[in-house]
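To start, the structure itself, in structure tokens.
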Amino acid sequence: MMISTKGRYALRIMIDLAQHNDGSFISLSDISQRQEISVKYLEAIIAKLSKGGLVDSARGKAGGYRLNRKSKDYSVGEILLLTETTLAPVACVDCKAEHCSKESDCLTRPMWNELNGIIMNFLNSKSLEDLL
């Protein structure tokens, strides 16, 4: 498993929104300047976060994005799952992957399932507030 820049930047966006959370909307250009990430790249990531229900958006002069929950109510796991194709350590434990023909007699499958559980439990145990 390798977390992509989209996943890492999604966390940075969410942390930025949490750090500057006064109830108002925050523009992508402000986040872009603070995080040194291009607005174009941020647009693609924030679209996933918005579509996934993690942030609210508003158009117009005072528009932008803001968290719609308290930072303690966001898990790192849910943020990463919106931006990553998979967080599974191997393809056979990815719920989106095709079933392996050797699944029923694979002696390593239980280990991969356990590792996947450890990873997800860890990521879901960390909140956005923990990162602040």
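Atom set for the values below is all heavy atoms of this structure, side chains included, hydrogens, waters and symmetry mates excluded.
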Verify, without hydrogens or angle tests, whether [X] (side chain) and [Y] (backbone) share a donor-acceptor contact under 3.5 angstrom.
X: Asp30; Y: Ile26; result: no
X: Ser50; Y: Ala47; result: no
X: Ser32; Y: Ile37; result: yes
X: Arg12; Y: Ile31; result: no
X: Asn21; Y: Gly23; result: yes
X: Arg34; Y: Asp16; result: no
X: Asp130; Y: Ser127; result: yes

Practice task
Establish whether Ile118 and Val90 are linked, either directly or via other cluster members, by ILVMFWY side-chain heavy-atom contacts under 4.5 Å.
Solution key: no
Problem - Heavy atoms from other residues, nucleotides or ligands near CD of Glu43 exceed 12 (cutoff 6.0 Å) - result: yes
Exercise for the section: With sequence neighbours excluded, tell me which residues meet side-chain hydrogen bond (donor to acceptor under 3.5 Å, both in side chains) with Tyr74. Expected result: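 Once residues adjacent in sequence are excluded, the partners of Tyr74 under the side-chain hydrogen bond (donor to acceptor under 3.5 Å, both in side chains) criterion are Asn68.
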Problem - Partner set under side-chain hydrogen bond (donor to acceptor under 3.5 Å, both in side chains) for Asp22, not counting sequence neighbours - result: Ser24
From [X] [atom1] over to [Y] [atom2], what is the distance, rounded to the nearest 0.5 angstrom?
X: Leu81; Y: Asn124; atom1: CG; atom2: CG; result: 7.0 Å
X: Leu67; Y: Leu128; atom1: CG; atom2: CG; result: 6.5 Å
X: Met111; Y: Cys106; atom1: CE; atom2: SG; result: 8.5 Å
X: Met14; Y: Gln19; atom1: CE; atom2: CD; result: 12.5 Å
X: Lys48; Y: Lys6; atom1: NZ; atom2: NZ; result: 4.5 Å
X: Leu54; Y: Ile46; atom1: CG; atom2: CD1; result: 9.0 Å

Problem - With Glu78 via salt bridge (Lys or Arg N to Asp or Glu O under 4.0 Å) - residues at least two apart - result: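 So Glu78 forms a salt bridge (Lys or Arg N to Asp or Glu O under 4.0 Å) with Arg69.
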Closest approach of [X] to [Y] (non-hydrogen atoms, all atoms of both residues):
X: Gly77; Y: Leu87; answer: O-CD1, 4.3 Å
X: Ser71; Y: Leu132; answer: OG-CD1, 3.9 Å
X: Ala88; Y: Asn116; answer: CA-OD1, 3.5 Å

Practice task
Check the pair Thr5, Tyr41 against side-chain contact (heavy atoms from CB on, under 4.5 Å), reporting the backbone distance first and the verdict last.
Solution key: CA-CA 10 Å; Thr5 55; Tyr41 200 31; 2.7 Å; yes
Exercise for the section: In sequence, state the C-alpha distance, the side-chain angles, and the governing distance for Ser75 and Lys126, and then conclude on side-chain contact (heavy atoms from CB on, under 4.5 Å). Expected result: CA-CA 6 Å; Ser75 77; Lys126 300 297 177 191; over 6 Å; no
Exercise for the section: Let me see the working for Thr83 and Ile79 under side-chain contact (heavy atoms from CB on, under 4.5 Å), right down to the final yes or no. Expected result: CA-CA 7 Å; Thr83 55; Ile79 296 166; 5.5 Å; no
Exercise for the section: For Ile13 and Gln35, run side-chain contact (heavy atoms from CB on, under 4.5 Å): C-alpha distance rounded to whole Å, both residues' side-chain angles, the deciding distance at 0.1 Å, then the answer. Expected result: CA-CA 8 Å; Ile13 291 167; Gln35 297 300 319; 5.9 Å; no
Practice task
Assert yes or no for the condition that the ring centre distance of Phe25 to Tyr65 is strictly below 6.0 Å.
Solution key: no
